[in-house]
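Below you'll find the structure, written out as structure tokens, and then a few comments.
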Amino acid sequence: MTPDRALHRDSREDIEGLAHRGRIRLPEVILPDGSASPDQVATVPPGVDLAKAFLPWRELPGPPSAGMGAAIVGTREPDIGPWLAGAGTALSLDAGYPYITRPQSRDEILAWLYDLTGVRYAPAAFWRVAGWEIGWLAHWLDRLFTGGAMGKLIVVERQAAAAVRAAWLALRADAASGSPLIDTGVLLAARAVIDMLVALDRVIGAASHDPQVQAKWPAVLDAQAAIIQRLRSFVRAIEDAAGDRRLAVDRERKIGHALDHARDIVESIGLFTAVGDAIGESVLRITGALPTKGRKPPPLDTTFATELVDLSNRLETAIAAGPEPAEPKRWDTETTGDLTRLYDTSPQARGAALARVRTDLIYKLVATRRLDRLFEALPWVAAPSGAFRLTFGGPLGAIAAVFEIARHREIAVEQVHRTREPVAGGRLDTTRGKQVYGDPSQALSALGSNSRAGFWLASSALSHHMIKALLDGRSFDARHPLPTLQTGRLSWDFEHAMYDPATMTTVTETELAKSVYATADYHRDLPRYMGLVVGDVLTAGLTDVFPGELRGPGFNRFTSAADAQRRNLKVGGNPFAGDSATAAHRELLRSILKSLDEPTDGNDAAWRTASVVTRTPATHELRRFDERNVSHTGDRGDAGGRIRRRAAEIRKAQKDPGRTLRRMVDRARSWTDTSDDQPLAGVLSGRLRLTAVTPVAQTGIPAIWFCPGIDTPVHDWIAHGAPMWQPLALSNIVHAGLIAREVQAVGDAMPVLFGMPIPTALRRRILVPFWTGLAGITDDHAHVP
């Protein structure tokens, strides 16, 4: 049996590694106006061991077991390497791309996204489920990294989307009060739309000499005419709403019409910034995604630029007739951030403010998974988008969805690593566990041979279950890790401790008492995460990331014009009709399972274009899954609905701890009468707290990437001994009492258990992981109902 370093590791290394990582202060990177912060390098205090702070599976080359903290997977920790002194090029704020991490081209970005997620083998299924192509995200990120005219268009489109959304919410919140026009924010949103179209004109102008664009020039003119037609209606509605004699109800109706026009324009440009076609082809998408009433818009009498100037002057005349523009009273700045440039009457001054935005640093924050910092500094990046319509947060929400799939795949990789022997051998499941742990001689043999059964037993030595056994007075040999903690030593020898019959009985009986051994279904693998086996971890993640039930009847209006890539993938018919979305969930799941068996390094360009993922003799996880889920095989006649039903069972069994947050996300991702961004923005900004005592960060909700510390209040509550007088506990006193009883018992025992008093800061890094799963892959989750 080949020795494996992971078999000799101590789960305290996870906690220690997280403690070292937590002391590193990452830089600000970007300021609220989009310019570069002077703070571009991480601060590493004395005493921090970077070898322990790195996440091996993500940040270091080699297999998961190669690094110091090999089991620290499934977190939302950012990548720290590109922010350390000496990484990349020498620091200089006027350098093109200081400290940019790879990948650095469109093809590299796309390969990176495929390898992160494992969806390489089912790109058509991805389109069906997500409603946007993963290639669009690669194009969008590449354009941020490259900058130029398209990068500037992305910035101004994001700001326009945020401004229009904020004005729409302000109008809904104050529709009956007849507030002044300026308080709705619609005038500032109008300036943002004008600035966006000026940037679009520059993009088209820069590409006008391209032969491909010249070949599509009639389509370009048609798109410009369609835009101007809608813009005229937009400006006319604002002029009408600005009339002093108009009744409040009429003004509200006119503002609503203006915002409808603005939303259609902005969403069509959002699609333009993401699709990967040449400029001429991309303009066709604007025409298709921008519905016009009646006949085809007449050709423009003048140039597009001239029309924009005329309409901008009309808009400024209407604004000048009213109050001086200022921050709207109803404008939610948590979702827009700093858009004070829109207060300036001069288009040139507004353009100069836009030029300060560093798109390369936006890309770098995305590539290093620091979406929380990006959302904090530039919340307008997370505005709704016409290209990524089923996500909360537009393209930023799309990358959060990708990262969330990647997080679940990372967990699955570690589970498989713990399940299958390095060399051909049996699978570690409850059958194997009962056989090995029921016989002391086999248990000792497993420990001595470094088998997966031996590793599983050794990794449980510091588990929640084992600590409870210690506190209940069960017998442990002095060489077991728990007694070594009591004496302040680290020289534990688990294998030799198990030669003590009493310790063998304690450890094996505690292991066999776990509820997993009583299961009667086929979910019998021992390595679990949140109580879930590999297939369930991926199932729950996919259905949380892509909630297809939110697809509304108006969705196809924007996707019907974006089907060129879908036709290239040879997918016929409407991908959003009937049960095809659930069938696509099945194919995405099978694609990720196949990627666990046959990992790629980004060089394999021969990924399948069909929606069915076929098996090969080398597959293990995919074959196992198919053998246990007959309806999940590649039969096109099956809708794959069991994926959804299984995910519903998982949520029900866990009392759906993320339900409140998920509902907030659902309300903020659409343009309906029930939409509301403020509660979710308050939670993600840290201003508001979720009231539940059950942590939600381990659920598969992509929005948590905007606030990875969302469970900090719960963790603080646990670290302080779970006091029952806190409002957090009083919100669910029965459940909180059950947690508090065990937390307080362990907290009281910690000075004895660890041989020293444990400060609160260390309690959070030592006690909390036993209840929240922050360290390693474990089903030791006492907090899960």
Side-chain angles (χ1 to χ4, degrees), residues 113-131 133-134 401-402 404-417 419-420 427 521-523 525 529 532-548 566 569-572 575-576 578-600 604-650 700:
L113 297 178
Y114 276 138
D115 292 336
L116 281 177
T117 58
V119 301
R120 174 183 297 274
Y121 303 102
F126 188 96
W127 162 251
R128 286 182 174 184
V129 170
E133 296 175 20
I134 199 168
V402 166
E404 192 58 25
I405 296 175
R407 189 178 77 89
H408 282 78
R409 183 179 180 274
E410 185 180 323
I411 294 167
V413 167
E414 177 68 13
Q415 286 183 273
V416 170
H417 182 69
T419 301
R420 299 203 304 244
R427 189 181 186 93
D521 62 13
Y522 59 84
H523 301 282
D525 282 354
Y529 179 76
L532 306 179
V533 296
V534 171
D536 283 353
V537 166
L538 298 176
T539 294
L542 281 173
T543 52
D544 267 349
V545 171
F546 298 124
R566 180 162 55 88
L569 293 171
K570 297 181 175 59
V571 180
F576 306 103
D579 294 327
S580 58
T582 54
H585 273 100
R586 174 201 66 200
E587 293 310 319
L588 278 187
L589 176 57
R590 298 182 71 243
S591 175
I592 300 174
L593 287 167
K594 183 173 180 178
S595 79
L596 303 182
D597 297 318
E598 302 175 12
T600 62
D604 178 15
W607 45 269
R608 288 186 168 272
T609 57
S611 61
V612 174
V613 182
T614 58
R615 296 185 309 191
T616 67
T619 58
H620 295 280
E621 295 306 312
L622 178 58
R623 181 174 296 276
R624 178 180 175 85
F625 186 84
D626 282 344
E627 288 171 352
R628 286 157 175 75
N629 298 269
V630 177
S631 66
H632 291 308
T633 59
D635 180 9
R636 287 176 177 266
D638 178 73
R642 187 176 294 182
I643 294 290
R644 282 296 182 78
R645 292 194 293 273
R646 181 60 186 157
E649 293 170 1
I650 292 170

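What's counted below: heavy atoms across the whole structure, side chains too, no hydrogens, waters or symmetry copies.
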Looking only at non-hydrogen atoms, find the nearest pair between [X] and [Y] and report the distance.
| X | Y | value |
| --- | --- | --- |
| R420 | L596 | NH2-O, 4.5 Å |
| G535 | L589 | O-CD1, 4.1 Å |
| H585 | F546 | NE2-O, 3.2 Å |
| E133 | W127 | CG-CE3, 3.4 Å |
| A412 | L538 | CB-CD2, 4.0 Å |
| V129 | A584 | CG2-CB, 3.3 Å |

Answer yes if the side chains of T419 and R427 hold a donor-acceptor pair under 3.5 Å, and no otherwise.
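Looking only at side-chain atoms, R427 and T419 do not form any donor-acceptor pair under 3.5 Å.
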
Distance in Å, [X] [atom1] paired with [Y] [atom2], rounded so as to fall on 0.5 Å steps:
| X | Y | atom1 | atom2 | result |
| --- | --- | --- | --- | --- |
| R586 | D626 | CZ | CG | 9.5 Å |
| Y121 | E598 | OH | CD | 5.5 Å |
| L532 | Q415 | CG | CD | 8.0 Å |
| H408 | D536 | NE2 | CG | 11.0 Å |
| L593 | L588 | CG | CG | 11.0 Å |

Give the C-alpha distance, both sets of side-chain angles, the deciding distance and a yes or no for salt bridge (charged side-chain N to carboxylate O under 4.0 Å, His left out) between R623 and D597.
CA-CA 10 Å; R623 181 174 296 276; D597 297 318; over 6 Å; no

Considering only heavy atoms from C-beta outward, does the side chain of F126 approach that of S591 to under 4.5 Å?
no

Any non-hydrogen side-chain atom of T117 less than 4.5 Å from a side-chain atom of I592?
no

When you check the gap from the basic side-chain N to the acidic O, do E627 and R624 get nearer than 4.0 Å?
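The answer is no: the pair does not qualify as a salt bridge.
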
Does this structure show an ion pair linking E404 with R407, if we count only N-O contacts that are shorter than 4.0 Å?
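Yes, charged N to carboxylate O under 4.0 Å.
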
Output, in order, the C-alpha distance, side-chain angles, deciding distance and verdict of side chain to side chain contact (heavy atoms under 4.5 Å, CB included) for R409 and V537.
CA-CA 8 Å; R409 183 179 180 274; V537 166; over 6 Å; no

Checking R120 against S595 for the side-chain hydrogen bond (donor to acceptor under 3.5 Å, both in side chains) test, could you report, in this order, the C-alpha distance in whole Å, the side-chain angles of both residues, the deciding distance, and whether it holds?
CA-CA 8 Å; R120 174 183 297 274; S595 79; over 6 Å; no

